Chemist: 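Okay, handing you the structure first.
Scope of the values below: all heavy atoms of this structure, side chains included, with no hydrogens, waters or symmetry mates. Letters A, B, ... mirror the listed sequences (proteins, then strands); counts begin at 1. Quantities reported herein were computed from a predicted structural model and do not represent experimental measurements.
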Amino acid sequence: MHDIKFIRENKLLFDESLEKRNIQYPSKKIIKLHDEYLENLKKTQDFQEQKNILSKKFSPKMSKQEIVSLKKEVSILKEKIEKNKSLSDKKYKELNNNLLEIPNLVDDKTPIGKDEKDNNVIRVEGKKKVFDFTPKNHLEIGENLSLLDYDKAIRISGSRFSVIKSDLALLNRALINFMLDINTDSFNYMEICIPELVKTESLIGTGQLPKFGEDLFQTNFNDLWLIPTAEVPLTNLHREEIINLNKLPLRYTSFTNCFRSEAGASGKDTKGLMREHQFGKVELVSITEPDNSMIEFDRMIDCVETILKKLDLNFRLVELCSGDLGFSSSYTIDFEIWMPGQNKFREVSSCSNCKDFQSRRMKMRVKNFENGEIFYPHTLNGSSLAVGRIIVAILENYQQKDGSVIIPNILKKYMKGIEIIKPQCLKI
RNA sequence: GGAGAGAUGGCAGAGUGGUCGAAUGCACUGGUCUUGAAAACCAGCAAGGAUGCAAGUCCUUCCAGGGUUCGAAUCCCUGUCUCUCCGCCA
(Lines give C-alpha, C1' and ligand atoms only; values in the text may rest on other atoms or scores of the structure.)
Protein backbone atom coordinates (compact mmCIF):
# COMPACT_ATOMS: atom_id res chain seq x y z
CA MET A 1 0.00 0.00 0.00
CA HIS A 2 1.31 3.37 -0.94
CA ASP A 3 1.35 6.45 1.20
CA ILE A 4 -1.03 8.97 -0.32
CA LYS A 5 1.13 11.84 0.89
CA PHE A 6 4.12 10.33 -0.84
CA ILE A 7 2.15 10.00 -4.07
CA ARG A 8 1.04 13.62 -3.93
CA GLU A 9 4.53 14.90 -3.25
CA ASN A 10 6.32 12.61 -5.70
CA LYS A 11 3.92 12.24 -8.58
CA LEU A 12 6.61 11.94 -11.24
CA LEU A 13 8.79 9.53 -9.33
CA PHE A 14 5.77 7.39 -8.49
CA ASP A 15 4.53 7.16 -12.05
CA GLU A 16 8.01 6.57 -13.42
CA SER A 17 8.60 3.70 -11.07
CA LEU A 18 5.31 2.03 -11.93
CA GLU A 19 5.84 2.56 -15.60
CA LYS A 20 8.69 0.06 -15.25
CA ARG A 21 5.95 -2.43 -14.47
CA ASN A 22 3.98 -1.30 -17.47
CA ILE A 23 1.39 0.61 -15.47
CA GLN A 24 0.45 3.99 -16.87
CA TYR A 25 0.19 7.10 -14.70
CA PRO A 26 -1.79 5.77 -11.75
CA SER A 27 -1.15 8.92 -9.68
CA LYS A 28 -3.64 11.02 -11.62
CA LYS A 29 -6.67 8.95 -10.68
CA ILE A 30 -5.48 8.45 -7.10
CA ILE A 31 -4.96 12.14 -6.49
CA LYS A 32 -8.30 13.02 -8.00
CA LEU A 33 -10.06 10.53 -5.72
CA HIS A 34 -8.13 11.84 -2.75
CA ASP A 35 -9.11 15.43 -3.55
CA GLU A 36 -12.75 14.44 -3.72
CA TYR A 37 -12.41 12.57 -0.46
CA LEU A 38 -10.77 15.51 1.30
CA GLU A 39 -13.39 17.93 0.07
CA ASN A 40 -16.18 15.88 1.61
CA LEU A 41 -14.15 15.11 4.70
CA LYS A 42 -13.57 18.76 5.41
CA LYS A 43 -17.26 19.58 5.14
CA THR A 44 -18.15 16.62 7.34
CA GLN A 45 -15.70 17.70 9.99
CA ASP A 46 -16.85 21.30 9.99
CA PHE A 47 -20.47 20.27 10.50
CA GLN A 48 -19.35 17.80 13.12
CA GLU A 49 -17.60 20.56 15.01
CA GLN A 50 -20.66 22.78 14.91
CA LYS A 51 -22.78 19.95 16.18
CA ASN A 52 -20.42 19.24 19.07
CA ILE A 53 -20.52 22.89 20.08
CA LEU A 54 -24.31 22.91 20.09
CA SER A 55 -24.50 19.71 22.10
CA LYS A 56 -22.38 21.23 24.81
CA LYS A 57 -24.80 24.11 25.15
CA PHE A 58 -27.52 21.92 26.61
CA SER A 59 -28.10 22.63 30.29
CA PRO A 60 -30.87 21.92 32.81
CA LYS A 61 -31.42 25.64 33.25
CA MET A 62 -32.71 26.09 29.73
CA SER A 63 -36.33 26.67 29.00
CA LYS A 64 -38.32 24.13 27.03
CA GLN A 65 -38.50 26.45 24.08
CA GLU A 66 -34.76 26.95 24.02
CA ILE A 67 -34.26 23.21 24.07
CA VAL A 68 -36.65 22.64 21.22
CA SER A 69 -34.98 25.20 18.99
CA LEU A 70 -31.52 23.90 19.82
CA LYS A 71 -32.61 20.38 18.93
CA LYS A 72 -33.90 21.64 15.64
CA GLU A 73 -30.55 23.22 14.83
CA VAL A 74 -28.75 20.03 15.69
CA SER A 75 -31.00 17.89 13.58
CA ILE A 76 -30.34 20.06 10.54
CA LEU A 77 -26.60 19.60 11.09
CA LYS A 78 -27.03 15.88 11.53
CA GLU A 79 -28.57 15.61 8.12
CA LYS A 80 -25.71 17.53 6.56
CA ILE A 81 -23.17 15.39 8.36
CA GLU A 82 -24.79 12.19 7.22
CA LYS A 83 -24.94 13.33 3.62
CA ASN A 84 -21.30 14.41 3.49
CA LYS A 85 -20.04 11.50 5.53
CA SER A 86 -21.57 8.90 3.26
CA LEU A 87 -19.97 10.67 0.32
CA SER A 88 -16.55 10.88 1.93
CA ASP A 89 -16.78 7.25 3.08
CA LYS A 90 -17.59 6.21 -0.45
CA LYS A 91 -14.66 8.14 -1.86
CA TYR A 92 -12.36 6.76 0.80
CA LYS A 93 -13.33 3.21 -0.03
CA GLU A 94 -12.86 3.83 -3.71
CA LEU A 95 -9.47 5.41 -3.06
CA ASN A 96 -8.46 2.53 -0.85
CA ASN A 97 -9.60 -0.12 -3.31
CA ASN A 98 -7.56 1.57 -6.01
CA LEU A 99 -4.50 1.83 -3.80
CA LEU A 100 -4.73 -1.85 -2.86
CA GLU A 101 -4.41 -2.86 -6.50
CA ILE A 102 -1.26 -0.86 -7.22
CA PRO A 103 1.95 -2.89 -6.87
CA ASN A 104 5.01 -1.80 -4.97
CA LEU A 105 7.46 0.71 -6.37
CA VAL A 106 10.51 -0.73 -8.09
CA ASP A 107 13.88 -0.37 -6.38
CA ASP A 108 16.62 1.41 -8.33
CA LYS A 109 18.68 -1.78 -8.27
CA THR A 110 15.99 -3.73 -10.11
CA PRO A 111 16.86 -4.06 -13.79
CA ILE A 112 14.23 -2.72 -16.17
CA GLY A 113 12.64 -5.30 -18.41
CA LYS A 114 9.49 -6.78 -19.79
CA ASP A 115 9.44 -10.39 -18.65
CA GLU A 116 11.63 -13.19 -17.33
CA LYS A 117 13.83 -13.06 -20.41
CA ASP A 118 15.14 -9.73 -19.17
CA ASN A 119 16.16 -11.07 -15.78
CA ASN A 120 19.77 -10.63 -14.91
CA VAL A 121 22.01 -13.53 -13.90
CA ILE A 122 24.39 -11.99 -11.40
CA ARG A 123 26.43 -14.96 -10.28
CA VAL A 124 26.89 -18.70 -10.80
CA GLU A 125 28.14 -20.92 -7.99
CA GLY A 126 29.41 -24.49 -8.20
CA LYS A 127 29.91 -26.55 -11.28
CA LYS A 128 27.66 -28.74 -13.33
CA LYS A 129 28.01 -32.39 -12.37
CA VAL A 130 29.51 -34.51 -15.10
CA PHE A 131 27.73 -37.77 -15.91
CA ASP A 132 29.04 -40.70 -17.93
CA PHE A 133 25.45 -41.57 -18.78
CA THR A 134 22.38 -39.60 -19.78
CA PRO A 135 20.93 -38.19 -16.55
CA LYS A 136 17.26 -38.89 -15.97
CA ASN A 137 14.72 -36.40 -14.69
CA HIS A 138 13.50 -36.66 -11.11
CA LEU A 139 10.20 -38.21 -12.05
CA GLU A 140 11.81 -41.15 -13.76
CA ILE A 141 14.33 -41.59 -10.97
CA GLY A 142 11.70 -41.45 -8.25
CA GLU A 143 9.34 -43.83 -9.99
CA ASN A 144 12.14 -46.28 -10.79
CA LEU A 145 13.04 -46.26 -7.12
CA SER A 146 9.35 -46.93 -6.33
CA LEU A 147 9.48 -43.94 -4.02
CA LEU A 148 7.32 -41.53 -5.99
CA ASP A 149 3.81 -42.82 -6.65
CA TYR A 150 1.56 -40.84 -8.97
CA ASP A 151 -1.07 -43.54 -9.46
CA LYS A 152 -1.83 -43.26 -5.78
CA ALA A 153 -1.60 -39.47 -5.69
CA ILE A 154 -4.06 -39.15 -8.57
CA ARG A 155 -6.45 -41.61 -6.93
CA ILE A 156 -6.45 -39.64 -3.70
CA SER A 157 -6.38 -36.05 -4.91
CA GLY A 158 -5.90 -35.80 -8.68
CA SER A 159 -3.08 -34.18 -10.60
CA ARG A 160 -0.43 -31.92 -9.11
CA PHE A 161 -0.16 -33.93 -5.90
CA SER A 162 2.52 -36.39 -4.89
CA VAL A 163 2.83 -39.49 -2.77
CA ILE A 164 6.39 -39.79 -1.48
CA LYS A 165 7.40 -43.00 0.26
CA SER A 166 9.92 -44.51 2.60
CA ASP A 167 13.51 -43.29 2.19
CA LEU A 168 12.44 -40.39 -0.01
CA ALA A 169 9.90 -39.31 2.61
CA LEU A 170 12.76 -39.49 5.11
CA LEU A 171 14.86 -37.30 2.82
CA ASN A 172 11.97 -34.82 2.73
CA ARG A 173 11.99 -34.71 6.53
CA ALA A 174 15.78 -34.57 6.66
CA LEU A 175 15.78 -31.48 4.46
CA ILE A 176 13.21 -29.72 6.63
CA ASN A 177 15.17 -30.50 9.79
CA PHE A 178 18.48 -29.51 8.26
CA MET A 179 17.17 -26.18 7.03
CA LEU A 180 15.32 -25.30 10.24
CA ASP A 181 18.36 -26.24 12.32
CA ILE A 182 20.72 -24.07 10.35
CA ASN A 183 18.25 -21.16 10.21
CA THR A 184 17.85 -21.17 13.97
CA ASP A 185 21.31 -22.25 15.16
CA SER A 186 23.53 -20.44 12.65
CA PHE A 187 21.43 -17.63 11.22
CA ASN A 188 19.58 -16.54 14.35
CA TYR A 189 16.02 -16.86 13.04
CA MET A 190 13.31 -17.84 15.53
CA GLU A 191 11.43 -20.98 14.59
CA ILE A 192 7.67 -20.53 14.56
CA CYS A 193 4.82 -22.99 14.11
CA ILE A 194 2.08 -21.11 12.44
CA PRO A 195 -1.45 -21.55 11.01
CA GLU A 196 -1.72 -22.66 7.41
CA LEU A 197 -5.24 -21.27 7.14
CA VAL A 198 -5.53 -17.49 7.26
CA LYS A 199 -8.13 -14.73 7.12
CA THR A 200 -8.74 -12.50 4.10
CA GLU A 201 -7.20 -9.56 5.99
CA SER A 202 -3.90 -11.39 6.33
CA LEU A 203 -3.76 -12.00 2.58
CA ILE A 204 -4.53 -8.35 1.92
CA GLY A 205 -1.71 -7.50 4.30
CA THR A 206 0.94 -9.34 2.34
CA GLY A 207 -0.52 -8.44 -1.05
CA GLN A 208 -2.02 -11.69 -2.41
CA LEU A 209 -5.48 -10.12 -2.19
CA PRO A 210 -7.52 -8.43 -3.54
CA LYS A 211 -5.87 -9.04 -6.91
CA PHE A 212 -4.71 -12.64 -6.98
CA GLY A 213 -7.49 -14.63 -5.35
CA GLU A 214 -7.66 -17.09 -8.20
CA ASP A 215 -4.18 -18.38 -7.39
CA LEU A 216 -5.37 -19.39 -3.93
CA PHE A 217 -7.52 -22.06 -2.32
CA GLN A 218 -10.42 -20.72 -0.31
CA THR A 219 -12.24 -22.89 2.22
CA ASN A 220 -15.95 -22.79 2.93
CA PHE A 221 -15.27 -22.17 6.61
CA ASN A 222 -15.54 -18.55 7.77
CA ASP A 223 -13.30 -16.52 5.51
CA LEU A 224 -10.30 -18.83 5.74
CA TRP A 225 -7.86 -19.44 2.91
CA LEU A 226 -5.00 -21.93 2.57
CA ILE A 227 -1.68 -20.13 2.60
CA PRO A 228 0.34 -19.97 -0.64
CA THR A 229 3.49 -19.34 1.43
CA ALA A 230 4.45 -19.02 5.10
CA GLU A 231 5.32 -15.41 4.29
CA VAL A 232 1.62 -14.68 4.84
CA PRO A 233 1.20 -15.81 8.46
CA LEU A 234 4.78 -14.95 9.45
CA THR A 235 4.64 -11.36 8.24
CA ASN A 236 1.14 -10.98 9.66
CA LEU A 237 2.37 -11.97 13.12
CA HIS A 238 2.58 -8.24 13.80
CA ARG A 239 -0.40 -6.97 11.82
CA GLU A 240 -1.96 -3.89 13.44
CA GLU A 241 0.72 -3.84 16.09
CA ILE A 242 3.10 -1.19 17.31
CA ILE A 243 6.43 -2.91 17.85
CA ASN A 244 9.05 -1.51 20.20
CA LEU A 245 12.07 -0.41 18.17
CA ASN A 246 14.44 -2.26 20.50
CA LYS A 247 12.95 -5.57 19.28
CA LEU A 248 14.20 -5.10 15.72
CA PRO A 249 15.33 -6.83 13.66
CA LEU A 250 12.79 -9.63 13.97
CA ARG A 251 13.72 -12.84 12.17
CA TYR A 252 11.33 -15.75 11.81
CA THR A 253 11.61 -19.12 10.13
CA SER A 254 8.89 -21.65 9.66
CA PHE A 255 8.21 -24.86 7.85
CA THR A 256 4.73 -25.03 6.36
CA ASN A 257 2.89 -26.63 3.55
CA CYS A 258 1.97 -24.15 0.84
CA PHE A 259 -1.09 -24.35 -1.36
CA ARG A 260 -1.43 -22.86 -4.80
CA SER A 261 -4.08 -23.39 -7.42
CA GLU A 262 -1.56 -22.94 -10.26
CA ALA A 263 -4.43 -21.46 -12.23
CA GLY A 264 -2.21 -19.95 -14.90
CA ALA A 265 0.15 -22.90 -15.30
CA SER A 266 -1.91 -25.48 -17.16
CA GLY A 267 0.32 -27.82 -19.12
CA LYS A 268 3.51 -26.80 -17.28
CA ASP A 269 5.16 -29.42 -15.05
CA THR A 270 1.91 -31.28 -14.65
CA LYS A 271 3.45 -34.29 -12.96
CA GLY A 272 6.18 -34.57 -10.39
CA LEU A 273 7.50 -32.40 -7.59
CA MET A 274 8.17 -29.23 -9.58
CA ARG A 275 4.76 -27.61 -9.50
CA GLU A 276 2.25 -28.97 -7.04
CA HIS A 277 -0.95 -27.75 -5.44
CA GLN A 278 0.63 -28.58 -2.10
CA PHE A 279 4.32 -28.31 -1.36
CA GLY A 280 6.53 -27.96 1.68
CA LYS A 281 8.69 -24.90 2.16
CA VAL A 282 10.92 -23.46 4.84
CA GLU A 283 10.50 -19.72 4.87
CA LEU A 284 12.50 -16.79 6.21
CA VAL A 285 10.91 -13.48 7.19
CA SER A 286 12.73 -10.42 8.53
CA ILE A 287 11.33 -7.18 9.84
CA THR A 288 13.83 -4.32 9.98
CA GLU A 289 14.32 -0.62 10.25
CA PRO A 290 14.02 1.03 6.84
CA ASP A 291 17.69 2.01 6.77
CA ASN A 292 18.83 -1.57 7.34
CA SER A 293 16.61 -3.51 4.97
CA MET A 294 19.11 -3.85 2.12
CA ILE A 295 21.78 -5.03 4.56
CA GLU A 296 19.29 -7.53 5.93
CA PHE A 297 18.48 -8.56 2.38
CA ASP A 298 22.13 -9.36 1.68
CA ARG A 299 22.25 -11.30 4.91
CA MET A 300 19.22 -13.33 3.85
CA ILE A 301 20.83 -14.06 0.50
CA ASP A 302 23.90 -15.30 2.38
CA CYS A 303 21.76 -17.63 4.48
CA VAL A 304 20.09 -19.23 1.47
CA GLU A 305 23.36 -19.43 -0.38
CA THR A 306 25.07 -21.16 2.53
CA ILE A 307 22.44 -23.90 2.51
CA LEU A 308 22.80 -24.48 -1.21
CA LYS A 309 26.57 -24.63 -0.89
CA LYS A 310 26.35 -27.12 1.95
CA LEU A 311 24.17 -29.27 -0.30
CA ASP A 312 26.92 -28.94 -2.90
CA LEU A 313 24.63 -27.93 -5.73
CA ASN A 314 25.30 -25.89 -8.84
CA PHE A 315 23.16 -22.77 -8.70
CA ARG A 316 22.90 -19.21 -9.88
CA LEU A 317 21.50 -15.95 -8.53
CA VAL A 318 19.06 -14.11 -10.75
CA GLU A 319 17.98 -10.52 -10.31
CA LEU A 320 14.35 -10.23 -11.35
CA CYS A 321 13.58 -7.45 -13.79
CA SER A 322 10.80 -4.94 -13.23
CA GLY A 323 8.35 -6.81 -15.46
CA ASP A 324 8.83 -10.12 -13.62
CA LEU A 325 8.85 -8.67 -10.12
CA GLY A 326 6.17 -9.84 -7.69
CA PHE A 327 3.35 -7.48 -6.69
CA SER A 328 4.63 -6.65 -3.20
CA SER A 329 8.35 -6.71 -3.90
CA SER A 330 10.63 -3.88 -4.85
CA TYR A 331 13.74 -6.00 -5.32
CA THR A 332 13.97 -9.77 -5.73
CA ILE A 333 16.72 -12.29 -6.22
CA ASP A 334 15.82 -15.82 -7.25
CA PHE A 335 18.03 -18.84 -6.69
CA GLU A 336 18.01 -21.38 -9.49
CA ILE A 337 19.59 -24.84 -9.35
CA TRP A 338 20.95 -26.70 -12.31
CA MET A 339 18.75 -29.71 -12.98
CA PRO A 340 20.66 -32.19 -15.17
CA GLY A 341 17.56 -34.26 -15.92
CA GLN A 342 15.79 -31.23 -17.38
CA ASN A 343 18.90 -29.59 -18.73
CA LYS A 344 18.08 -26.20 -17.25
CA PHE A 345 18.20 -24.03 -14.17
CA ARG A 346 15.04 -24.07 -12.06
CA GLU A 347 13.92 -21.71 -9.32
CA VAL A 348 14.12 -23.04 -5.77
CA SER A 349 14.08 -19.83 -3.78
CA SER A 350 12.97 -16.25 -4.11
CA CYS A 351 14.10 -13.51 -1.73
CA SER A 352 12.30 -10.17 -1.75
CA ASN A 353 12.60 -6.83 -0.06
CA CYS A 354 9.05 -5.49 0.21
CA LYS A 355 10.19 -2.35 2.04
CA ASP A 356 7.23 -0.68 3.78
CA PHE A 357 4.65 -1.88 1.24
CA GLN A 358 3.34 -4.75 3.34
CA SER A 359 3.73 -3.06 6.71
CA ARG A 360 1.52 -0.22 5.48
CA ARG A 361 -1.11 -2.63 4.24
CA MET A 362 -1.22 -4.42 7.56
CA LYS A 363 -0.65 -1.33 9.75
CA MET A 364 2.41 -2.85 11.34
CA ARG A 365 4.37 -0.02 12.89
CA VAL A 366 7.45 0.47 14.98
CA LYS A 367 7.80 3.01 17.76
CA ASN A 368 10.99 4.55 18.98
CA PHE A 369 10.09 5.15 22.61
CA GLU A 370 13.04 7.46 23.10
CA ASN A 371 11.76 10.13 20.75
CA GLY A 372 8.16 9.00 20.27
CA GLU A 373 8.64 8.53 16.54
CA ILE A 374 6.42 5.96 14.81
CA PHE A 375 7.25 4.50 11.42
CA TYR A 376 6.57 1.59 9.10
CA PRO A 377 9.29 -1.09 9.15
CA HIS A 378 10.53 -2.93 6.11
CA THR A 379 9.58 -6.56 5.57
CA LEU A 380 11.60 -9.17 3.72
CA ASN A 381 10.88 -12.75 2.87
CA GLY A 382 12.75 -15.59 1.26
CA SER A 383 12.41 -19.31 0.78
CA SER A 384 15.02 -21.45 2.35
CA LEU A 385 14.01 -23.53 0.45
CA ALA A 386 11.15 -25.16 -1.44
CA VAL A 387 11.54 -28.72 -0.19
CA GLY A 388 9.99 -30.50 -3.16
CA ARG A 389 12.22 -28.76 -5.65
CA ILE A 390 15.32 -29.45 -3.57
CA ILE A 391 14.39 -33.14 -3.66
CA VAL A 392 14.22 -32.81 -7.43
CA ALA A 393 17.66 -31.22 -7.42
CA ILE A 394 19.14 -33.93 -5.22
CA LEU A 395 17.60 -36.75 -7.24
CA GLU A 396 18.83 -35.31 -10.51
CA ASN A 397 22.27 -34.17 -9.35
CA TYR A 398 23.12 -37.12 -7.13
CA GLN A 399 21.79 -39.90 -9.35
CA GLN A 400 24.02 -42.76 -10.40
CA LYS A 401 24.08 -44.96 -13.44
CA ASP A 402 22.37 -47.85 -11.64
CA GLY A 403 19.43 -45.63 -10.65
CA SER A 404 20.45 -45.18 -7.04
CA VAL A 405 20.87 -41.76 -5.46
CA ILE A 406 23.64 -40.68 -3.09
CA ILE A 407 22.68 -38.66 -0.03
CA PRO A 408 24.53 -35.31 0.18
CA ASN A 409 27.05 -35.36 3.06
CA ILE A 410 25.41 -32.65 5.08
CA LEU A 411 22.13 -34.60 5.24
CA LYS A 412 23.58 -37.92 6.34
CA LYS A 413 23.18 -37.26 10.04
CA TYR A 414 19.47 -36.70 9.44
CA MET A 415 19.09 -39.95 7.44
CA LYS A 416 19.44 -42.65 10.10
CA GLY A 417 22.65 -43.91 8.57
CA ILE A 418 21.30 -44.21 5.05
CA GLU A 419 23.98 -43.00 2.63
CA ILE A 420 22.46 -44.07 -0.61
CA ILE A 421 18.89 -44.55 -1.76
CA LYS A 422 18.53 -47.73 -3.78
CA PRO A 423 15.62 -49.12 -5.75
CA GLN A 424 13.51 -50.93 -3.27
CA CYS A 425 10.90 -53.56 -3.17
CA LEU A 426 8.12 -51.94 -1.16
CA LYS A 427 5.01 -53.73 -0.01
CA ILE A 428 2.75 -50.98 -1.30
C1' G B 1 -22.70 -28.81 21.14
C1' G B 2 -24.75 -26.84 26.39
C1' A B 3 -24.19 -22.99 30.49
C1' G B 4 -21.93 -18.60 32.06
C1' A B 5 -18.36 -14.34 31.88
C1' G B 6 -15.90 -10.91 29.05
C1' A B 7 -13.46 -7.58 24.87
C1' U B 8 -10.96 -0.24 27.37
C1' G B 9 -3.89 2.84 26.01
C1' G B 10 2.77 -1.11 25.41
C1' C B 11 0.69 -4.35 29.63
C1' A B 12 -2.62 -4.83 33.93
C1' G B 13 -7.05 -2.60 35.22
C1' A B 14 -11.07 1.32 36.84
C1' G B 15 -14.96 3.61 34.62
C1' U B 16 -23.38 2.62 33.84
C1' G B 17 -25.48 9.13 29.90
C1' G B 18 -22.32 15.40 29.37
C1' U B 19 -17.05 17.81 33.49
C1' C B 20 -14.00 10.90 29.69
C1' G B 21 -9.31 10.14 25.08
C1' A B 22 -10.40 7.87 29.58
C1' A B 23 -8.58 7.00 37.05
C1' U B 24 -4.75 4.01 39.11
C1' G B 25 -0.56 0.67 38.88
C1' C B 26 3.46 -1.38 35.94
C1' A B 27 6.61 -0.40 31.85
C1' C B 28 8.96 3.53 29.18
C1' U B 29 11.32 8.73 28.67
C1' G B 30 13.33 13.24 30.95
C1' G B 31 14.81 15.51 35.59
C1' U B 32 16.21 15.94 41.11
C1' C B 33 19.22 13.20 44.52
C1' U B 34 23.94 9.83 44.17
C1' U B 35 31.11 8.83 43.08
C1' G B 36 28.02 5.34 40.07
C1' A B 37 23.69 2.44 40.38
C1' A B 38 19.26 1.22 43.02
C1' A B 39 15.42 3.42 45.82
C1' A B 40 12.63 7.76 46.52
C1' C B 41 10.57 12.16 44.53
C1' C B 42 8.95 15.52 40.31
C1' A B 43 7.41 15.73 35.22
C1' G B 44 6.01 13.56 30.52
C1' C B 45 3.88 9.46 27.84
C1' A B 46 -2.51 6.41 22.81
C1' A B 47 -3.40 6.16 17.51
C1' G B 48 -5.22 7.90 12.77
C1' G B 49 -6.73 12.08 9.99
C1' A B 50 -7.70 17.53 8.46
C1' U B 51 -5.54 22.38 8.65
C1' G B 52 -1.15 25.39 9.50
C1' C B 53 5.73 27.70 8.27
C1' A B 54 5.04 26.62 13.27
C1' A B 55 2.79 26.86 18.01
C1' G B 56 -1.72 25.23 17.85
C1' U B 57 -6.83 24.27 16.53
C1' C B 58 -10.35 20.73 14.86
C1' C B 59 -12.43 15.63 13.54
C1' U B 60 -12.47 10.36 14.53
C1' U B 61 -11.29 6.06 17.51
C1' C B 62 -12.73 2.37 24.36
C1' C B 63 -13.75 -5.46 19.48
C1' A B 64 -16.87 -4.66 14.65
C1' G B 65 -21.53 -3.04 12.44
C1' G B 66 -26.30 -0.95 13.29
C1' G B 67 -29.80 1.72 16.75
C1' U B 68 -31.72 5.04 20.98
C1' U B 69 -30.29 10.22 22.52
C1' C B 70 -29.25 17.17 21.70
C1' G B 71 -25.10 14.09 23.78
C1' A B 72 -22.74 6.98 24.30
C1' A B 73 -16.72 3.59 26.63
C1' U B 74 -21.43 3.68 29.43
C1' C B 75 -28.27 1.98 27.20
C1' C B 76 -30.48 -1.52 23.08
C1' C B 77 -29.80 -5.04 18.75
C1' U B 78 -26.59 -8.02 15.54
C1' G B 79 -21.91 -10.15 14.48
C1' U B 80 -16.86 -11.66 15.61
C1' C B 81 -13.43 -13.21 19.00
C1' U B 82 -11.58 -14.67 23.94
C1' C B 83 -12.01 -17.00 28.73
C1' U B 84 -14.32 -20.53 32.52
C1' C B 85 -17.23 -25.00 33.43
C1' C B 86 -19.59 -29.38 31.13
C1' G B 87 -19.73 -32.62 26.74
C1' C B 88 -16.81 -34.39 22.56
C1' C B 89 -12.13 -35.00 20.52
C1' A B 90 -5.93 -35.29 18.66
Side-chain angles (χ1 to χ4, degrees), chain A residues 1-9 30-100 193-205 218-225 233 236-248 250 257 287 289 356 358-377:
Chain A
M1 176 88 105
H2 296 286
D3 179 8
I4 183 71
K5 280 186 190 157
F6 177 86
I7 299 176
R8 298 193 78 109
E9 286 161 19
I30 294 294
I31 291 173
K32 185 171 170 269
L33 276 170
H34 190 233
D35 283 339
E36 290 169 355
Y37 162 66
L38 284 185
E39 194 188 324
N40 287 299
L41 179 72
K42 180 131 185 39
K43 282 189 199 160
T44 308
Q45 291 191 352
D46 287 347
F47 291 136
Q48 194 77 252
E49 185 180 356
Q50 289 175 41
K51 184 188 147 212
N52 288 344
I53 291 167
L54 289 186
S55 281
K56 279 178 190 153
K57 281 192 186 166
F58 278 86
S59 101
K61 293 173 195 162
M62 291 167 83
S63 71
K64 273 188 182 172
Q65 275 176 338
E66 282 173 311
I67 289 178
V68 168
S69 77
L70 244 188
K71 281 189 182 182
K72 210 175 215 172
E73 268 187 82
V74 171
S75 78
I76 291 166
L77 279 171
K78 270 170 92 172
E79 262 176 49
K80 288 184 180 171
I81 289 167
E82 210 167 306
K83 201 175 123 202
N84 281 287
K85 189 171 186 306
S86 73
L87 259 172
S88 79
D89 283 355
K90 199 182 137 200
K91 288 295 171 192
Y92 184 78
K93 256 185 202 161
E94 206 178 331
L95 173 66
N96 214 39
N97 290 343
N98 273 273
L99 280 173
L100 282 175
C193 271
I194 201 134
E196 294 178 17
L197 286 163
V198 296
K199 297 177 186 178
T200 301
E201 289 161 88
S202 297
L203 287 156
I204 291 173
Q218 185 170 25
T219 71
N220 59 7
F221 181 76
N222 291 347
D223 72 332
L224 290 177
W225 305 66
N236 275 283
L237 276 172
H238 299 287
R239 178 156 49 87
E240 285 170 55
E241 246 185 59
I242 297 180
I243 305 165
N244 191 326
L245 172 64
N246 65 25
K247 291 191 178 153
L248 297 190
L250 292 164
N257 283 303
I287 299 168
E289 287 178 68
D356 63 358
Q358 293 180 324
S359 58
R360 280 181 192 284
R361 288 172 85 95
M362 63 179 75
K363 296 186 179 67
M364 163 167 62
R365 287 155 297 172
V366 170
K367 181 164 182 173
N368 180 345
F369 280 89
E370 287 184 23
N371 60 16
E373 192 192 354
I374 286 176
F375 58 90
Y376 290 95

Chemist: Write down the distance separating the P atoms in B:U19 and B:A55, rounded off to the nearest Å.
Modeler: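 It works out to 27 Å between them.
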Chemist: According to side chain to side chain donor-acceptor pair (under 3.5 Å), does anything in residues 66-87 of chain A pair up with another residue at least two apart or in another chain? List the pairs.
Modeler: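 Found A:Ser63-A:Glu66, A:Lys85-A:Asp89.
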Chemist: Determine the interatomic distance between P on B:G15 and the same-named atom on B:G31; round to the nearest Å.
Modeler: 37 Å
Chemist: Not counting sequence neighbours, which residues clear salt bridge (charged side-chain N to carboxylate O under 4.0 Å, His left out) with A:Lys32? List them please.
Modeler: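 A:Glu36.
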Chemist: Enumerate the residue pairs fulfilling ring-ring contact (aromatic ring centres under 6.0 Å, His included) with a member in residues 65-93 of chain A, sequence neighbours excluded, ordered by first and then second residue.
Modeler: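 Listed once each, the pairs are A:Tyr37-A:Tyr92.
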Chemist: Classify the nucleic acid contact of A:Lys72 as base, sugar-phosphate or nothing, counting any heavy atom under 4.0 Å across all strands shown.
Modeler: nothing
Chemist: Using Watson-Crick pairs (N1 to N3, plus N6-O4 or O6-N4) and G-U wobble pairs, both distances under 3.5 Å, which stems of at least 3 pairs involve RNA chain B?
Modeler: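 Stems for RNA chain B, defined as runs of 3 or more consecutive pairs: B:1-7 with B:80-86, B:10-12 with B:24-26, B:28-32 with B:40-44, B:46-51 with B:56-61, B:63-67 with B:75-79.
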Chemist: Taking for each residue the nucleotide of RNA chain B with the nearest heavy atom, is it A:Ile374 or A:Ile4 whose nucleotide lies nearer the 5' end?
Modeler: A:Ile374
Chemist: If a pair satisfies salt bridge (Lys or Arg N to Asp or Glu O under 4.0 Å) and one of its residues is in residues 44-56 of chain A, list it, with sequence neighbours excluded.
Modeler: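 Qualifying pairs: A:Lys42-A:Asp46.
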Chemist: What nucleic acid atoms does A:Lys367 come within less than 4.0 Å of, heavy atoms only: base, sugar-phosphate, or nothing?
Modeler: sugar-phosphate
Chemist: Taking for each residue the nucleotide of RNA chain B bearing the nearest heavy atom, is the 5' side occupied by A:Tyr37 or by A:Lys199?
Modeler: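 Nearest nucleotide further toward 5': that of A:Tyr37.
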Chemist: What's the gap between B:C62 and B:G9 when it is taken at their P atoms, as a whole Å value?
Modeler: 10 Å
Chemist: Return a single string for nucleotides 52-78 of chain B, one symbol per nucleotide in 5' to 3' order, where B is base contact, S is sugar-phosphate-only contact and - is none, cutoff 4.0 angstrom on heavy atoms.
Modeler: ------SBS---------BS-------
